[in-house]
Amino acid sequence: MKFPQEWIAELKSKVSLVEVVGENVDLKKSGANRFMGRCPFHGDRSPSFSVKDQFYYCFGCKESGDVISFSMKLNSLSFEEACEDLAQRIRLPLPKSSGPLTPAEQSEIRRRSELSTHAKVNLFAAHFYQRQLASEQGAHPFRQTARDFLKKRGISTDLAQRFLLGLTPPLQTGLAQHLVDSKAPLESARKMGLLRPSQRHEGDYDLFRDRLMFPLTDHRGRVCGFGARTLSDAQPKYLNSSESDLFQKSRFLYGLFQAKKSISELDAVFVVEGYFDVLGLVQAGFENAVATCGTSLTKDHLQQLLKLTQKIIVLFDQDKAGQNATLKAMELGLQNGVVLYGMKYPSVLDPDEYFVATGDEGKREFAQSAQAVFPWIDHEIETRLGRATQPEERAEAIKQIVSWLRGFNDPVGRAVRVQALVTVHQVPVVALGELARDLNGSFTADSAHSRPVAGQQNGGGNLDSGQHRGHLQSPNSGAKGSAKGRSGPAPQGSGVGRMDGRVVAISVRDRQLLPFLMKFHDFGSVFLEAKRRLPAKTTLVDFFEGAWVRPWVQRILDHPAGLSLLDQAPEHFLNDQVPVELREVILASLFDPVGADALPQLEQLLLGASQRIWARFSQGLKMEIAEAEQRQDIEKQADLMRQFLEIQRKLKDFQG
């Protein structure tokens with residue numbers, strides 16, 4: 001159905017874009033009529049999403065448009081569906097068709113009308129169930145049982161109301177009779193699995209009876225189905241609505257509608273297994289939580305979450321089944337080029353039970369663990385190789401890790417970990433098979449025992465547990481030659497950047513250092529002083545670690561007037577080849593300049609980077625010492641050992 005332009009103009013003038021965006025994005029005023037927030041379309045890490053005069057624009061991913069296009073993109077709607085949703089929001093009547101409709105248009109209108117009716121019937125039922133739990137009237141035998149159960153699990157009345165929790169009456173026809181009395185469309189209730197035709201009597205009977213009800217609300221706020229938990233010994237323990245055009249378990253995430261703004265604001269999401277896991281986390285103040293509905297994490301789940309954040313923290317149960325589900329989720333993420341995260345969960349209890357048992361102390365401990373999340377793939381690599389004490393155990397661990405990395409659909413992230421296997425974990429190159437090509441010529445099957453010489457970095461073998469996304473470092477960062485060679489152009493066609501719709505990761509250190517580099521005229525002397533205390537041939541580039549940050553900084557240094565031009569016209573270095581997140585950090589630095597009082601922070605950042613550089617240099621010396629020992633070159637070995645001991649003293653000074 002085509003809507004008249006006059007009606008569309010009226011719709012856009014009456015719906016506030018700030019209100020619609022503000023329901024999903026934490027907006028802050030920035031000027032007279034302008035609001036800024038994190039973009040909901042690409043996992044923004046700094047406010048680059050601008051809303052002004054009924055128009056939005058993202059400085060990062062370049063998305064722009066009005067309230068209709070925002071609703072279309074955010075909720076994956078057609079133009080007509082977005083218009084209908086917004087019109088319903090302000091109770092603006094839909095226009096009548098100005099001409100005959102094609103069969104396809106008629107079919108689409110019928111489909112949307114039917115889905116809308118189904119969602120309304122589900123919402124009607126949800127309110128009916130909610131009243132059964134909240135009411136003080138009637139003789140529902142499980143009402144107090146349900147209330148006591150929720151209280152025991154730490155779920156407050158306010159939270160129960162926010163998530164529309166309810167209770168089904170014990171009668172076989174409680175909802176059925178209510179729908180009949182309300183003249184609701186019974187056929188729609190049957191299609192949604194709320195009612196079933198009785199085989200013994202005329203009419204319908206309720207599918208759900210004597211159960212605690214969890215309305216399943218999609219990302220648009222529509223009640224698509226129900227989860228129902230028994231409060232007795234009845235089996236099964238949980239029942240779900242049957243699959244329908246509204247509800248598909250493989251795509252549904254419980255709590256996403258309530259959590260999406262918090263996910264976007266915090267740039268992270270906890271993915272748990274059950275309804276009570278979500279409710280327990282939300283009750284404890286961790287509102288960025290969602291749950292799969294009785295299924296493993298799926299590609300559809302990932303696609304929905306990646307619209308809001310790149311940091312997906314898997315927090316499944318601690319039992320064997322939960323551990324297996326976590327590994328499957330990790331493998332699914334790798335296959336889709338996404339590194340999923342984990343955290344040290346401080347208990348074997350489910351989240352709701354844990355917070356009830358531990359109170360405020362448990363919340364603090366959980367929050368601390370959430371600040372130290374780690375990529376699951378890195379955790380598994382470290383754990384499996386670390387506990388493999390026998391040759392056969394090590395062989396099996398390597399085979400499993402190689403299998404994971406072979407399926408990792410991100411060439412840069414894969415290459416970083418492959419190089420770390422060789423340089424850090426001493427995995428023979430011949431064991432890597434086809435993955436050896438990710439070593440970029442640094443290692444070959446014929447030179448499996450070769451080592452970088454002193455002063456050359458070891459190829460990004462960093463599997464630390466920092467909080468930046470994906471832990472991507474340049475696979476070329478350890479190439480031999482000049483500083484320029486070590487920081488060469490970022491790999492093209494590598495599957496990162498905005499060329500294929502994904503966002504690259506910027507590490508925490510790089511994110512903090514770049515604003516100071518942007519003000520080199522104020523802080524350049526600090527950079528240069530720190531560089532003077534580093535190994536020969538070290539450049540400013542070596543303070544940075546990212547696969548895309550290092551080439552960008554090198555480009556500035558290669559320019560005759562690079563550092564001064566960066567201060568006067570930074571847009572000179574912002575072209576289409578600069579990935580989204582790097583551009584975000586640069587733009588944020590321009591809008592939020594660094595003050596002179598931040599000097600101690602810069603000194604600490606450079607101190608940490610210097611320690612990392614010296615540690616890598618030390619590692620290179622150790623390898624050279626081993627080679628000199630094999631050659632029985634005593635003089636060379638002694639000289640290298642002297643250098644090594646001097647560096648160890650430097651590293652102790654850093655630690656002190």
Side-chain angles (χ1 to χ4, degrees), residues 42-48 60 267 310-311 339 373-375 378 410 412-413 415-416 420 457 459-478 483 486-491 494 496-498 502-520 523-524 526-527 530-531 534 538-557 562-563 566 570 573-574 577-594 598 601-613 615-616:
H42 72 276
D44 206 356
R45 292 293 294 269
S46 58
S48 59
D267 190 27
Q310 298 283 312
K311 186 173 284 185
V339 174
V373 297
F374 48 79
D378 295 351
D410 177 357
V412 175
V416 167
Q457 296 181 21
N462 179 15
L463 284 176
D464 63 40
S465 58
Q467 300 173 42
H468 49 88
R469 300 184 211 149
H471 292 241
L472 307 185
Q473 290 179 303
S474 171
N476 294 326
S477 63
R486 291 197 305 272
S487 316
S494 61
V496 293
R498 283 304 293 186
R502 275 187 285 162
V503 184
V504 302
I506 308 296
S507 72
V508 174
R509 181 181 286 117
D510 285 357
R511 189 175 290 276
Q512 294 173 332
L513 269 178
L514 280 168
F516 291 100
L517 184 71
M518 296 290 292
K519 298 297 179 184
F520 194 83
F523 299 101
V526 185
F527 277 92
K531 186 178 80 68
L534 293 177
T538 302
T539 72
L540 294 179
V541 175
D542 295 305
F543 286 118
F544 300 88
E545 54 191 3
W548 293 88
V549 176
R550 288 170 61 88
W552 187 79
V553 175
Q554 186 66 60
R555 181 180 162 213
I556 294 170
L557 297 179
L563 293 172
L566 176 67
F573 299 101
L574 293 177
Q577 296 302 313
V578 177
V580 173
E581 281 208 359
L582 179 53
R583 188 183 295 112
E584 291 169 12
V585 176
I586 297 166
L587 289 172
S589 302
L590 295 175
F591 288 115
D592 188 16
V594 180
Q601 181 191 4
L602 173 59
E603 291 173 341
Q604 283 299 114
L605 289 170
L606 293 176
L607 188 66
S610 299
Q611 183 179 8
R612 172 176 55 85
I613 293 168
R616 288 183 177 178

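Keep in mind it's a predicted model, so treat the numbers as computed, not measured.
Closest heavy-atom contact between Q554 and V541: OE1-CG2, 3.1 Å. When all heavy atoms of D267 and Q310 are compared, the pair lying nearest together is OD1-N, 4.1 Å. Residues F544 and R550 come closest through the heavy atom pair O-NH1, 3.0 Å. Summarising the geometry of Q601 relative to F516, their closest heavy-atom pair is OE1-CZ, 3.9 Å, with the distance given to 0.1 Å.
Atom CD1 of I556 and atom CG of L540 lie 10.5 Å apart (nearest 0.5 Å). Note: L513 CG to F527 CZ = 5.5 Å, rounded to the nearest 0.5 Å.
Within the 3.5 Å criterion, the main-chain N or O of E545 finds a donor-acceptor partner in the side chain of D510.
Under the side-chain contact (heavy atoms from CB on, under 4.5 Å) criterion, Q604 pairs with L607, not counting sequence neighbours.
Checking each of D542, I613, L606, T539 against L534 for a side-chain contact (heavy atoms from CB on, under 4.5 Å) leaves exactly one that passes, namely I613.
At least one side-chain heavy atom of K531 sits less than 4.5 Å from a side-chain heavy atom of F543.
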